[in-house]
Chemist: 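The structure that follows is given in the form of structure tokens.
Reckoned from all heavy atoms, side chains included, excluding hydrogens, waters and symmetry mates.
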Amino acid sequence: ALPYYSNNSWVTTTDQTTVNLASKVSTSPVQVTKTADKTNVGDNDKTVTYTLTASTAGSLENKLTTYAITDTMDDALTLNESSVVVKLNATTLTKGTDYTIVKDYPYQDENKADKTATFAIVFTSTMLNSDAFYDAVTADAAKTVTVTYTADLNANAASKFATALPNTDGLYYGNNSGMNYEPGQTVKVFTYGVNVAKVDGNTNSPLGGAVFTVYTDAAATNELKVDGKKVIATTDDTTGMANFVLEGSTKAFCFDADL
């Protein structure tokens, strides 16, 4: 005889065995979050640490074939791949065995539009076939995947002073029955530069037309050089504000990007 549903469970009439579906499938919603350890990046502080979290999906009875945490960052930021740490709850996972890092990862967003993430943490079939990835059969909440990594400012920051650099995550997951995308959060860090003015030591008035060299030590013995060229500065005639260039060049030198 066909099974029937009674008291939140299926009952078979042959042996009266009950199968509690709620105990086998996680009913918790998928959640994705993201944070950054700072708001501003710039001179001598070019590295941002990001933390991504995502709940697991699927179940012991309905395992996934794809679980990928996507990350799309501004092109002024570069992933430090060696810094990536992935945990399932408190357990640190192994790159290559449990997950891979895939750059330029293709996926479809919640509107089924084709997108490409800067990179994604993609769980392996070995991990997704493992019972350890999924909820315990009596759990009320999904397990949590946590990803931490650092990213550095790169040369593209030269044209983005005082500009927001967005970084967005999400979760792309599913199996042969269909794929889903859960949008995460966008966090922004802002670039900043350094304003330097040359002033008269007695009157504190701006000194226009001054030329000076930049040094890397307090004793002013080691000139700052890039590709063998000194970094020098000339000051505005009115404000005394310095414009930094490489020696013999008119191209502006950007401390955020050129060092």
Chemist: How many angstroms lie between atom CG of L171 and atom OG1 of T33, to the nearest 0.5 angstrom?
Modeler: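 With rounding to 0.5 Å, CG (L171) is 11.5 Å from OG1 (T33).
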Chemist: Hey, could you give me the CE/CG distance between M127 and D98, rounded to the nearest 0.5 Å?
Modeler: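 Spacing of CE (M127) from CG (D98) equals 3.5 Å.
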Chemist: Can you list everything that forms a side-chain hydrogen bond (donor to acceptor under 3.5 Å, both in side chains) with T97? Sequence neighbours excluded, please.
Modeler: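 So T97 forms no side-chain hydrogen bond (donor to acceptor under 3.5 Å, both in side chains) with any residue.
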Chemist: Check the pair V32 / T53 against side chain to side chain contact (heavy atoms under 4.5 Å, CB included), numbers first and verdict last.
Modeler: CA-CA 6 Å; V32 188; T53 65; over 6 Å; no
Chemist: State which residues pass side-chain hydrogen bond (donor to acceptor under 3.5 Å, both in side chains) with T72; sequence neighbours excluded, sorted by chain then number.
Modeler: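 Checked T72 against side-chain hydrogen bond (donor to acceptor under 3.5 Å, both in side chains); zero matches.
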Chemist: With heavy-atom distances below 4.5 Å as the criterion, would you say the side chains of D37 and V48 are in contact?
Modeler: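 Touching, per the 4.5 Å side-chain cut-off.
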Chemist: Taking ring pair (Phe, Tyr, Trp, His ring centres under 6.0 Å) as the definition, give me every residue that meets it alongside Y173, ordered by chain and number, with sequence neighbours left out.
Modeler: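 Not a single residue meets the ring pair (Phe, Tyr, Trp, His ring centres under 6.0 Å) criterion with Y173.
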Chemist: Scan residues 68-77 for pairs that pass salt bridge (Lys or Arg N to Asp or Glu O under 4.0 Å), counting only residues two or more places apart or in two chains.
Modeler: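 Salt bridge (Lys or Arg N to Asp or Glu O under 4.0 Å) check on residues 68-77 returns K34-D71, D74-K160, D75-K160.
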Chemist: Which heavy atom in A164 sits nearest to a heavy atom in F190, and how many Å separate them?
Modeler: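 Distance-wise, the nearest heavy atoms are CB-CE2, 3.4 Å.
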Chemist: List, one per line, each side-chain donor-acceptor pair under 3.5 Å for residues 110-122, sequence neighbours excluded.
Modeler:
{"residue": "K112", "atom": "NZ", "partner": "M179", "partner atom": "O", "Å": "3.0"}
{"residue": "D114", "atom": "OD1", "partner": "Q108", "partner atom": "NE2", "Å": "3.2"}
{"residue": "T118", "atom": "OG1", "partner": "M73", "partner atom": "N", "Å": "3.0"}

Chemist: What pairs of residues pass the ring pair (Phe, Tyr, Trp, His ring centres under 6.0 Å) test when at least one of them lies in residues 50-72, not counting sequence neighbours?
Modeler: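 Matches after skipping sequence neighbours: Y50-Y149, Y67-F123, Y67-F133.
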Chemist: Name all residues meeting the side chain to side chain contact (heavy atoms under 4.5 Å, CB included) criterion together with T35; count only those two or more places apart in sequence or in a different chain, and write none if there are none.
Modeler: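 Checked T35 against side chain to side chain contact (heavy atoms under 4.5 Å, CB included); matches are T51.
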Chemist: Sequence neighbours left out, what pairs pass salt bridge (Lys or Arg N to Asp or Glu O under 4.0 Å) with at least one residue falling in residues 169-178?
Modeler: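 Output for this query is empty, none listed.
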Chemist: Following the transitive rule for hydrophobic clusters with a side-chain heavy-atom cut-off under 4.5 Å over Ile, Leu, Val, Met, Phe, Trp and Tyr, establish whether L52 and I101 coincide in one cluster.
Modeler: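 Looking at the clustering, I101 is in the same group as L52.
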Chemist: Can you give the donor-acceptor pairs under 3.5 Å from side chains of residues 79-86 to other protein atoms, not counting sequence neighbours?
Modeler:
{"residue": "N80", "atom": "ND2", "partner": "T150", "partner atom": "OG1", "Å": "2.9"}
{"residue": "N80", "atom": "ND2", "partner": "D152", "partner atom": "OD1", "Å": "3.4"}
{"residue": "N80", "atom": "ND2", "partner": "D152", "partner atom": "OD2", "Å": "3.3"}
{"residue": "E81", "atom": "OE2", "partner": "K95", "partner atom": "NZ", "Å": "3.0"}
{"residue": "S83", "atom": "OG", "partner": "N80", "partner atom": "O", "Å": "2.6"}
{"residue": "S83", "atom": "OG", "partner": "T150", "partner atom": "N", "Å": "2.8"}
{"residue": "S83", "atom": "OG", "partner": "T150", "partner atom": "OG1", "Å": "3.2"}

Chemist: Test of understanding: with side chain to side chain contact (heavy atoms under 4.5 Å, CB included), list the residues that count as partners of A219, not counting sequence neighbours.
Modeler: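 By the side chain to side chain contact (heavy atoms under 4.5 Å, CB included) rule, A219 matches D217, T221.
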Chemist: Hey, any chance Y107 and V147 share a hydrophobic cluster, counting ILVMFWY side chains that come within less than 4.5 Å of each other, even indirectly?
Modeler: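 No, it is not one cluster - the side chains of Y107 and V147 are not joined through contacts under 4.5 Å.
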Chemist: Would you give the length of the straight line joining atom CG of L64 to atom CG of N176, rounded to the nearest 0.5 angstrom?
Modeler: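 The CG atom of N176 is 11.0 Å from CG of L64, to the nearest 0.5 Å.
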Chemist: Which heavy atom of A68 sits nearest to which heavy atom of Y105, and what is that distance?
Modeler: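 For A68 and Y105, the tightest heavy-atom pair comes out as CB-OH, 3.5 Å.
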Chemist: Which atoms form the tightest heavy-atom contact between N156 and N154, and what is the distance?
Modeler: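 That would be N-OD1, 2.9 Å.
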Chemist: Closest approach of T92 and K87, non-hydrogen atoms and distance?
Modeler: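 Heavy atoms of T92 and K87 come nearest at OG1-CE, 3.4 Å.
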Chemist: Report yes or no: do N89 and T91 form a side-chain donor-acceptor pair below 3.5 Å?
Modeler: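 There is no such pair (donor and acceptor under 3.5 Å, judged by atom type) between the side chains of N89 and T91.
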Chemist: Side chain to side chain contact (heavy atoms under 4.5 Å, CB included) for L88 and T56? Distances and angles first, verdict last.
Modeler: CA-CA 9 Å; L88 179 61; T56 57; 3.9 Å; yes
Chemist: Can you give me the closest heavy-atom contact between A36 and V187, atom names plus distance?
Modeler: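 Closest heavy-atom pair between A36 and V187: CB-CG2, 4.3 Å.
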Chemist: Which pairs, with at least one residue in residues 68-100 and sequence neighbours excluded, count as a ring pair (Phe, Tyr, Trp, His ring centres under 6.0 Å)?
Modeler: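 The answer is none; no pair qualifies.
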Chemist: Would you confirm whether S130, through its side chain, and A132, through its main-chain N or O, come within 3.5 Å as a donor-acceptor pair?
Modeler: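 Checked: pair present.
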Chemist: Partners of K188 by salt bridge (charged side-chain N to carboxylate O under 4.0 Å, His left out), sequence neighbours excluded?
Modeler: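 If we apply the salt bridge (charged side-chain N to carboxylate O under 4.0 Å, His left out) test to K188, skipping adjacent residues, there are no hits.
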